[in-house]
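Because the structure is a prediction, the values reported are computed rather than measured. Residue indices begin at 1 and follow the sequence shown. Only heavy atoms go into these numbers, but all of them, side chains included; no hydrogens, no water, no symmetry mates.
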Amino acid sequence: MKHKIATTLASSMLALAVASPVLAADAWYPYPAQAIEPAFAADGKSVDVDYSPLEKAEKPWNICVSFPHMKDAYWLGVDYGVAEQAKDLGVKLNLVEAGGYTELNKQISQIEDCVAGGAQAVVIGAISFDGLNNLVSEIKKKNIPVIDVINGMSSPDLTAKSLVSFYTMGFETGAYLAKKHPAGSEEVKVGWFPGPAGAGWVEAANKGFLEAIKGSAVKALEPKYGDTGKEAQLKLVEDVLQAEPDVRYVAGTAVTAEAAQGLIRERGLKGKVDLLAFYMTPGVYEGIKRGFILAAPADSMVVQGRIAVDQAVRALEGKELVKHVGPKIFVVDPSNVESVPQTNILPPDGFKPVFSVN
């Protein structure tokens, strides 16, 4: 049975959608989501909600958004979400990106500059799970809302979280393989590439994936950590294929799967080494459609970005707020890829980065 508060939230959000003008055919809401109660709790329970945003902001608030980088299409999708929601709500948005997961100090400095420049709320896709906690505390002292989007932070001073459990993303990926290779069947090796060491989302996905394959015939090789640049991931995959010629699967970040497609084709390994990603990007989606990538769970990164901006505005205006929420996760593979609507899980084709909305 749903918690009373979650039911109330879902009802009020649905009411917001109903009270709005007739929705456009491509309106993204109400969106099937899951709230965590109590918010921010590691052992919190998931409660189904239908998320709908505010219709308009009361004033053109100034929101700063900080991303780890814009190297891959995943963050491009989140960018599309935050930019479109800022336009829908009528608020200003300034986006900065640090350039990679090694650039924690740069991310901190960029956010400090944002706040000094007059940002009234901050949305952070964090480079480090713990590394921004002092900064978040300082921002809170200025009564500026801080929203944690996508990656996760451990700070108790956050205003809200718009994210899914990367533990669940990793778990769903591992469970997909475990179902194909149950205990008692022939052992298969999987090269596992969870992303940059130390990032909260990476550690969570790694834990979920490894727990999902326990007791199955799937044997994960030692995790190979690395930056989510294409060259870095390709080098890691090449090294594993060289050292482990009998590897059956390569699973990891979306960049890993995208980068490895050409390598698998070049080496004549299609059908011998299958690729999986533990999150969705346009490249992964196309790879599944074309038969080069086997499967990936979708976390609707566009909607996560939209919700984060809506949470920031709700916090600024003292409106009802779901403090910890993310879209429902589902796995995309050849069996359903043609029927899954692309809207909200991916940016539009040809979308270029947006760094400011005025």
Quiz prompt | K71 atom NZ: more than 12 heavy-atom contacts under 6.0 Å | solution = yes
Quiz item: Is there a donor-acceptor pair under 3.5 Å between the side chain of T253 and the backbone N or O of T256?
Solution: yes
Self-check item: Atom CG of D246 with >12 non-hydrogen neighbours under 6.0 angstrom
Solution: yes
Quiz item: Taking atom CZ of R306 and atom OG of S300, what is their separation to the nearest 0.5 Å?
Solution: 12.0 Å
Quiz item: Do F193 and V240 have side chains that get closer than 4.5 Å, going by heavy atoms?
Solution: yes
Self-check item: Crowding at NZ, K319 (>12 non-hydrogen neighbours, <6.0 Å)
Solution: yes
Practice problem: Could you tell me whether the side chain of E317 and the main chain of E58 form a donor-acceptor pair under 3.5 Å? | Solution: yes
Quiz item: Closest approach of M70 and P353, non-hydrogen atoms and distance?
Solution: CE-CB, 3.6 Å
Quiz item: Does any non-hydrogen side-chain atom of I150 lie less than 4.5 Å from one of W201?
Solution: no
Exercise. Apply the test side-chain contact (heavy atoms from CB on, under 4.5 Å) to residues T159 and L321: give CA-CA distance (whole Å), side-chain angles for both, the deciding distance (0.1 Å), then the verdict.
Key: CA-CA 10 Å; T159 306; L321 173 69; 4.2 Å; yes
Quiz item: Is it the case that one hydrophobic cluster holds both F129 and I127, taking links as side-chain heavy atoms less than 4.5 Å apart, direct or via other members?
Solution: no
Quiz item: Is a side-chain donor-acceptor pair under 3.5 Å present for N94 with S356?
Solution: no
Practice problem: State whether a side-chain donor-acceptor pair under 3.5 Å links T228 with Q233. | Solution: no
Quiz prompt | Residue pair F40 / P156, side-chain heavy-atom distance below 4.5 Å | solution = no
Quiz item: Does the side chain of P68 come within less than 4.5 Å of N151's, by heavy atoms?
Solution: yes
Exercise. For the pair D239 and K235, find out whether any cationic side-chain nitrogen is under 4.0 Å from an anionic carboxylate oxygen.
Key: yes
Practice problem: List the steps and the verdict of side-chain contact (heavy atoms from CB on, under 4.5 Å) for F330 and V340. | Solution: CA-CA 10 Å; F330 57 96; V340 171; 3.8 Å; yes
Quiz prompt | Fellow cluster residues of V96, listed by chain then number, with links counted only when side-chain atoms sit under 4.5 Å apart | solution = none
Quiz item: Taking NZ, NE, NH1 and NH2 as the nitrogens, is one of them in K189 or E244 under 4.0 Å from a carboxylate oxygen of the other?
Solution: yes
Quiz item: Take atom CG in N134; do more than 12 heavy atoms of anything else shown fall under 6.0 Å from it?
Solution: no
Practice problem: Kindly work out whether a path of hydrophobic side-chain contacts (I/L/V/M/F/W/Y, heavy atoms less than 4.5 Å apart) joins Y101 to M301. | Solution: yes
Quiz item: Could you give the distance from CG (D310) to OG (S52), rounded to the nearest 0.5 Å?
Solution: 9.0 Å
Show me the side-chain donor-acceptor pairs of residues 331-339 shorter than 3.5 Å, one per line, residues at least two apart or across chains.
residue, atom, partner, partner atom, Å
D333, OD1, S335, N, 2.9
D333, OD1, S335, OG, 2.5
D333, OD2, Y176, OH, 2.9
N336, OD1, D333, N, 2.9
N336, ND2, V331, O, 3.0
S339, OG, N336, O, 3.0

Practice problem: Would you please test T281 and D72 for side-chain hydrogen bond (donor to acceptor under 3.5 Å, both in side chains) and show each step? | Solution: CA-CA 8 Å; T281 62; D72 63 50; over 6 Å; no
Listing, residues 264-275 side-chain donor-acceptor contacts under 3.5 Å, not counting sequence neighbours, or none:
residue, atom, partner, partner atom, Å
K270, NZ, G291, O, 3.4
D274, OD2, R248, NH1, 3.2
D274, OD2, R248, NH2, 3.2

Quiz item: What is the distance from atom CD of E37 to atom OG of S46, rounded to the nearest 0.5 Å?
Solution: 10.0 Å
Quiz item: Any disulfide (SG to SG under 2.5 Å) pairs touching residues 153-262, not counting sequence neighbours?
Solution: none
Exercise. Using only heavy-atom distances, determine whether the side chains of H69 and Y74 contain a donor-acceptor pair under 3.5 Å.
Key: no
Self-check item: side-chain hydrogen bond (donor to acceptor under 3.5 Å, both in side chains) partners of S162, counting only residues at least two apart
Solution: none
Self-check item: is_close_aromatic(Y31, Y51), centroid dist under 6.0 Å
Solution: no
Quiz prompt | Under 3.5 Å: donor-acceptor pair, side chain of Q120, backbone of N62 | solution = yes
Exercise. Without swapping roles, check the side chain of Q304 against the backbone of D299 for a donor-acceptor pair under 3.5 Å.
Key: yes
Quiz item: Do F292 and E258 have side-chain heavy atoms sitting under 4.5 Å apart?
Solution: no
Quiz item: Can you check whether K106's main-chain N or O pairs, donor with acceptor, with S109's side chain at less than 3.5 Å?
Solution: no
Quiz item: Counting N and O atoms only, with roles assigned by atom type, does the side chain of T173 sit under 3.5 Å from a partner on the main chain of M169, one being a donor and the other an acceptor?
Solution: yes
Exercise. Anything under 30° is parallel, anything over 60° is perpendicular, the rest tilted; go ahead and classify W75 against F67.
Key: tilted
Quiz item: Just how far is it from atom CZ of R314 to atom CD1 of I307, taken to the nearest 0.5 Å?
Solution: 10.0 Å
Exercise. Could you tell me whether the side chain of I147 reaches within less than 4.5 Å of the side chain of V122, counting heavy atoms only?
Key: no
Quiz item: Is there a donor-acceptor pair closer than 3.5 Å between any side-chain N or O of E187 and the backbone N or O of V218?
Solution: no
Exercise. Measure up the W192 and F278 rings against each other and bin them: parallel (under 30°), tilted (30 to 60°), perpendicular (over 60°).
Key: tilted
Quiz item: Quick check: does any side chain N or O of K56 sit under 3.5 Å from a backbone N or O of D88, one acting as donor and the other as acceptor?
Solution: yes
Quiz prompt | K141 and E138 ion-paired at < 4.0 Å | solution = yes
Quiz item: How long is the gap from OG on S155 to CG on L135, to the nearest 0.5 Å?
Solution: 9.0 Å
Practice problem: State yes or no: do F209 and L294 share one hydrophobic cluster built from I, L, V, M, F, W and Y residues joined by side-chain heavy-atom distances below 4.5 Å, directly or via other members? | Solution: yes
Quiz item: Would a 4.5 Å heavy-atom cut-off, applied to side chains only, mark F355 and D79 as touching?
Solution: no
Exercise. State, with a plain yes or no, whether a side-chain heavy atom of L177 is found less than 4.5 Å away from one of V190.
Key: yes
Quiz item: Other than Y167, which residues form its hydrophobic cluster under the rule that side-chain heavy atoms must be closer than 4.5 Å?
Solution: F171
Quiz item: So, does Q311 use its side chain to make a donor-acceptor pair with the main chain of K161 at under 3.5 Å?
Solution: yes
Quiz item: Is the side chain of S66 donor-acceptor paired with the backbone N or O of I124 at a distance under 3.5 Å, no angle test?
Solution: no
Quiz item: Can you check side-chain contact (heavy atoms from CB on, under 4.5 Å) on V136 and M153, steps first, answer last?
Solution: CA-CA 10 Å; V136 173; M153 287 184 275; 4.1 Å; yes
